[in-house]
Amino acid sequence: MINQEIKSYFPILNQEINGHPLVYLDSAATSQKPVQVIEAMKNYYEFDNANVHRGVHTLGNRATEKYEGARDKVRKFINANSTEEIIFLRGTTTAINLVAQSYGRANVNEGDEIVITYMEHHSNIIPWQQLAKERGAILKYVELEKDGTISLEQVRAAVTERTKIVSMVYVSNVLGTMNPVKEVAQIAHENGAVMVVDGAQAAPHLKIDVQQLDCDFFAFSGHKMCGPTGIGVLYGKKELLNNMEPVEFGGEMIDFVGLYDSTWKELPWKFEGGTPIIAGAVGLGAAIDFLNEIGLNEIEKHEHQMAAYAMDKMGGIEGLEIYGPADPQHRAGIVTFNLNDVHPHDVATVLDMSGIAVRAGHHCAQPLMKWLEVTATARASFYLYNSESDVDRLVEGLRSAKEYFNDVF
Amino acid sequence: MSSNLDQLYRRVIMDHYKTPRNKGTIENNSVNIEMNNPTCGDRIHLTLQVEDGIVKDAKFDGEGCSISMASASMMTQAVKGQEIDTALRLSGIFSDMMLGKEYDDSIDLGDIEALQGVSQFPARIKCATLAWKAMEKGVQNEEKS
């Protein structure tokens with residue numbers, strides 16, 4: 001159940017900023033953390049901390065159990081077949097880079113194609129740009145529809161038999177658009193390509209089922225879903241991961257080390273070189289428990305409601321333009337906008353003086369900004385701890401920003 | 001809210017934002033530099049005409065928030081007609097001002113003084129310094145060549 005009680009689990013939200021109660025509307029950048037997650041990590045460091053997979057001693061066993069236990073929670077959370085398919089990494093960026101550098105280098109050759117879209121975050125653009133340059137491959141962009149959605153016709157037009165990789169964001173961090181990644185995966189597979197899904201904005205907000213999506217890789221970050229920074233996940237189909245080479249070499253990931261040659265551990269550890277992100281995984285596990293208790297379906301419903309309410313109220317402000325799909329049912333709790341004649345930085349500063357945190361800038365999506373024909377936008381993003389009264393505060397703040405700048409002009 | 005904001009958005013700043021001085025490009029330039037603030041997308045294109053160590057003309061073009069564009073306008077106004085050394089000295093003074101440090105007030109800063117309030121808004125300091133950084137780098141490149 002989503003109710004006012006949820007907010008009380010987030011200590012950070014209970015403070016004043018510039019003399020006003022904080023309204024945090026920047027969860028798409030990073031979410032806040034509930035006490036359950038903070039306590040789990042504190043508890044780990046106070047009672048169980050040791051290195052994993054090597055200790056004969058009790059703490060080593062406890063740490064290993066917690067770390068591997070978190071992996072199983074992630075497996076269930078996205079409905080993967082096996083924990084062998086769950087790799088703990090630093091975040092979505094690292095996960096996509098791993099796919100590009102390992103799978104990409106081995107499978108993409110001169111003249112092959114990589115297909116992405118205009119609404120990708122930089123972390124799902126640059127790894128492919130680099131791969132394309134290195135391999136002499138062609139990077140193609142799927143055009144967007146006017147309303148900021150992706151049509152399957154455009155995907156079909158872009159994906160050919162020369163396409164080796166299709167990579168697409170599940171939920172846009174700017175437009176809030178929810179993309180038909182399942183159908184796109186099918187098109188990719190019909191053409192012999194693999195499907196990579198950037199799930200950074202999806203995993204926190206809707207139920208993920210990688211088997212149902214039938215994607216080949218799925219990347220997401222812990223910090224956007226109530227977990228700590230520095231932990232993320234790459235899911236990959238076992239048969240693909242088995243044939244892939246690690247990109248980081250060192251401790252933890254080896255089976256046998258000789259003077260001139262070495263062998264790797266089994267999945268998933270062969271991709272986890274160095275002492276892993278143990279406390280981060282424990283925190284992510286606690287975040288998953290927390291989200292499950294509330295229910296991802298409840299969270300998704302709440303976000304649609306927040307988006308609908310925000311779009312309705314914000315739409316009443318003259319000169320305010322909202323980008324992305326007009327139907328709130330087709331978007332997550334992300335509302336990106338501009339107030340005419342007032343630069344988004346100035347909007348964000350005025351809101352901050354009223355205790356309201358929004359993001360302003362290009363949101364790590366410069367090609368999308370170009371497509372929208374703007375240099376920057378402001379973005380309000382909602383999560384399970386936000387309520388309609390937060391939207392009311394935002395709308396009030398926007399009205400006074402408008403008034404303030406009209407006055408000085 | 002307004003009183004705090006008034007520290008940032010002084011009337012003279014909004015005036016420079018609304019009617020920027022020296023907007024455009026110098027065709028016959030000796031310094032031509034483009035710089036952006038990668039975290040927010042602000043962009044400035046600065047051209048200078050430097051002759052015998054003096055900034056004869058300065059123009060800018062670009063996109064950004066009120067603070068970045070007003071600062072660019074004020075910067076071009078301040079360095080125009082100055083010796084390069086003075087322009088660089090002004091840039092140093094401006095940087096001190098943004099960092100909230102004591103700054104050399106032996107030079108008349110004119111409109112630039114209005115930007116002092118930006119130092120109270122850490123997130124906006126980079127907006128204000130972009131044009132100055134471009135000027136510094138452009139001049140230094142020119143001296144090297």
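Protein chains get the first letters and strands the later ones, always in sequence-line order, with residue 1 at the start of each.
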Rounded at 0.5 Å granularity, tell me how far [atom1] in [X] sits from [atom2] in [Y].
X	Y	atom1	atom2	result
Asp352(A)	Phe121(B)	CG	CZ	8.5 Å
Met353(A)	Leu8(B)	CE	CG	8.5 Å
Tyr404(A)	Asp6(B)	OH	CG	4.0 Å

Problem - Any donor-acceptor N or O pair under 3.5 Å, side chains Thr375(A), Arg43(B) - result: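 Result is no, nothing qualifies.
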
Tell me whether the count of non-hydrogen atoms from other residues, nucleotides or ligands lying under 6.0 Å of [atom1] in [X] goes above 12.
X	atom1	result
Gln15(A)	CD	yes
Glu16(A)	CD	yes
Asn340(A)	CG	yes
Arg21(B)	CZ	yes
Glu83(B)	CD	no
Lys313(A)	NZ	no

Problem - Asp346(A) and Arg124(B), any side-chain heavy atoms less than 4.5 Å apart - result: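 Yes, close enough: below the 4.5 Å cut-off.
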
Practice task
State which residue, out of Cys65(B), Ser66(B), Ser68(B), Cys127(B), fulfils the side chain to side chain contact (heavy atoms under 4.5 Å, CB included) condition with His343(A).
Solution key: Cys65(B)

Problem - Top contributor to chain A contacts, counting heavy-atom pairs under 4.5 Å, from Asp42(B), Ile67(B), Asn37(B), Ile13(B) - result: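 Greatest number of close heavy-atom pairs with chain A: Asp42(B).
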
